[in-house]
Amino acid sequence: MSEQHAALLKKARERLVEDRRAFAKIIAAPFEREKTVDTRARFVELQATIEAIDRAIEDEEGGQGSV
């Protein structure tokens, strides 16, 4: 059962990484105050979510330390 949960978490993580890459493109583009500032905040929130998923994957895999 834990393997199924870990697989689901890994899929969710992949999708979030894709979103993070899209946000990085916006941040790297020429500065547009409102858009860039909002994207930075969303990027940080997204990164925190990815890190939380990493911890959840580790927990599901029995704390083996691999993600």
Side-chain angles (χ1 to χ4, degrees):
M1 187 68 117
S2 288
E3 291 176 18
Q4 290 175 339
H5 293 295
L8 182 63
L9 287 164
K10 287 177 182 180
K11 185 169 186 139
R13 185 186 191 284
E14 288 174 20
R15 295 230 172 114
L16 291 173
V17 168
E18 290 174 15
D19 290 346
R20 182 181 64 189
R21 290 176 180 150
F23 287 155
K25 287 180 184 179
I26 294 168
I27 294 168
F31 185 78
E32 295 179 43
R33 179 177 284 286
E34 201 169 307
K35 184 177 183 180
T36 304
V37 171
D38 179 56
T39 301
R40 286 177 184 165
R42 293 175 69 194
F43 183 94
V44 170
E45 181 179 308
L46 187 62
Q47 183 61 33
T49 304
I50 291 169
E51 291 169 5
I53 288 176
D54 286 343
R55 292 188 304 272
I57 291 169
E58 186 176 333
D59 181 62
E60 289 294 335
E61 292 179 338
Q64 297 171 355
S66 63
V67 175

- Counterpart residues, side chain to side chain donor-acceptor pair (under 3.5 Å), relative to E32 (two or more places apart):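 Partners of E32 under the side chain to side chain donor-acceptor pair (under 3.5 Å) test: none.
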Report the distance from atom [atom1] of [X] to atom [atom2] of [Y], rounding to the nearest 0.5 Å.
X   : Y   : atom1 : atom2 : result
D19 : R21 : CG    : CZ    : 10.5 Å
I57 : R13 : CD1   : CZ    : 6.5 Å
L16 : T49 : CG    : OG1   : 6.5 Å
F23 : E18 : CZ    : CD    : 12.5 Å
I53 : D59 : CD1   : CG    : 13.5 Å
T39 : E34 : OG1   : CD    : 10.5 Å

- Specify the closest pair of heavy atoms between L46 and R20, including all atoms of both residues, with the distance to one decimal. CD2-N, 3.3 Å
- From the list H5, E60, E61, side chain to side chain donor-acceptor pair (under 3.5 Å) with K10 holds only for E61
- Please check if I27 and V37 belong to a single hydrophobic cluster, counting links between Ile, Leu, Val, Met, Phe, Trp and Tyr side chain heavy atoms closer than 4.5 Å. no
- Message: For the CD atom on E45, are there more than 12 heavy atoms of other groups (residues, nucleotides or ligands in this structure) within a distance under 6.0 Å?
- Response: no
- Query: Should the heavy atoms of other residues, nucleotides or ligands under 6.0 Å from CZ of R42 be counted, would the total exceed 12?
  - Reply: no
